Amino acid sequence: MTKKIAVLPGDGIGPEIVAQAVKVLEVLKADGMAIEMAEGAIGGAGYDTAGDPLPAATLELAKSSDAVLLGAVGGPQYDKLERPLRPERGLLRIRKELNLFANLRPALLYPELADSSSLKPEVVSGLDIMIVRELTGDVYFGEPRGIEVRPGVDGKPERVGFNTMLYSESEVRRVARVAFDIAMKRGKRLCSVEKANVLECSELWREVVLEVAKEYPEVEVSHMYVDNAAMQLVKWPKQFDVIVTGNIFGDILSDQASMLSGSIGMLPSASLDENNKGMYEPIHGSAPDIAGQDKANPLATILSVAMMMRYTFGDEASAQRIETAVKAVLAKGIRTVDIWTEGCEKVSCSGMGDAVVAAMKA
Ligand code: IPM
Ligand code: MG
């Protein structure tokens, strides 16, 4: 069956990095995989072309595809737009519309990059964590939300901003199951991260995770408050196998975990629905400061294609082919500027894409 892939480059470095990932898909296609790609605008690009960060045509395209490849969204030129028109809203809406509640963010250290991490090599070498972040709930989507005028501490009217942290038990249950399933295929250890000492929302989260744990007697479950988890992640990250957490905590912890691996430019992600339909994107942003300069690191996006092969298409061989090619390129000392160290060969974004393509064909 033809694999239908929606390609949404987005803003900033999005188009350059996505172009490299498309080269990788073209290799698979040339080797016989039936792939059909179609492009759509999202984020600032959606606003510029259709006045909407998630144009109806893009949503339609995404809905009718098996998988979505996304670059990044956002840029300073859009920061003054009304909230619903901002690029980030396009990203949040597509996640919600496609019901992509399980966000898989692996933090993996490639041995060649041990020196690029700001942590000591012995702390990060061999690091292999999978963060499962809930992606369609929490304070990101909870109602009520807003900014309004209310009586302040001194009784005088002033503006207050508010959001609602909210999880239903079914939302927790379904993401917990995804995390337990992944733990079963890995080291069988799952750490659930919340703030149950303060938040009712987290208290419920913990209770539901404990209920789901009964279905997975082989998995060793632990619970950690998010502040402690942030500390443990830099103190001794290798204690973690799989982490499951809510939307906002996962947003923060996954950026932190990315740095353990040397560069945020290395980490892919998968956002999945109940049926493994998925959207695949690097975890980094649109990096407007280097956009259009052909120097961004496309590896996170290329590795997102590997995740697409693995999770949506169940094609482990193609996933490994891409991952092996990336490892070979790193072993050769080929580096974009963000991961470059003395003695390595510095390449551009497109140079890196070409190197991965060459390694796939080798
Ligand atoms: C991420 C990003 C997004 C998020 C932003 C761009 C809305 O930081 O994917 O981690 O907060 O989820
Ligand atoms: Mg983030």
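Counting starts at 1 for both ligands and their atoms, following the listed order. By convention here, the first residue in the shown sequence is residue 1. Small disclaimer: the values here were computed from a predicted structure and weren't measured.
Of all protein heavy atoms, the one closest to atom 4 (C) of ligand 1 is Tyr140 OH, 3.4 Å. The protein non-hydrogen atom at the shortest distance from atom 10 (O) of ligand 1 is Asp251 OD1, 2.9 Å. When only non-hydrogen protein atoms are considered, atom 9 (O) of ligand 1 lies nearest to Arg95 NH2, 2.7 Å. Given atom 1 (C) of ligand 1, the protein heavy atom at minimum distance is Arg105 NH2, 3.4 Å.
For ligand 1, none of its N or O atoms has an N or O atom of Glu88 under 3.5 Å away.
Stacking of Lys195 on the aromatic ring of Phe249 is not recorded, the 6.0 Å distance cut-off and the 45° axial limit not both being met. Seen from the ring of Phe162, Arg145 does not count as a face-on cation partner, given the 6.0 Å and 45° thresholds. Under a cutoff of 6.0 Å and an axis angle of 45°, Lys327 and Tyr110 do not form a cation-pi pair.
Panel note: side chain Asp138, backbone Gly246; no donor-acceptor pair is recorded below 3.5 Å.
Between Leu81 and Tyr47 the shortest side-chain heavy-atom distance falls below 4.5 Å.
Residue contacts to the Mg ion (ligand 2): Asp255 brings no N, O or S atom closer than 2.8 Å.
Sorting the N, O or S atoms of Asp251 by how far they are from the Mg ion (ligand 2) puts OD1 first.
In this structure, Ser348 OG and Asp294 CG are separated by 4.0 Å, a value rounded to the nearest 0.5 Å.
Within the listing of ligand 1, atoms 1 (C), 4 (C), 9 (O), 10 (O), 11 (O), 12 (O) sit less than 4.0 angstrom from a heavy atom of Arg133.
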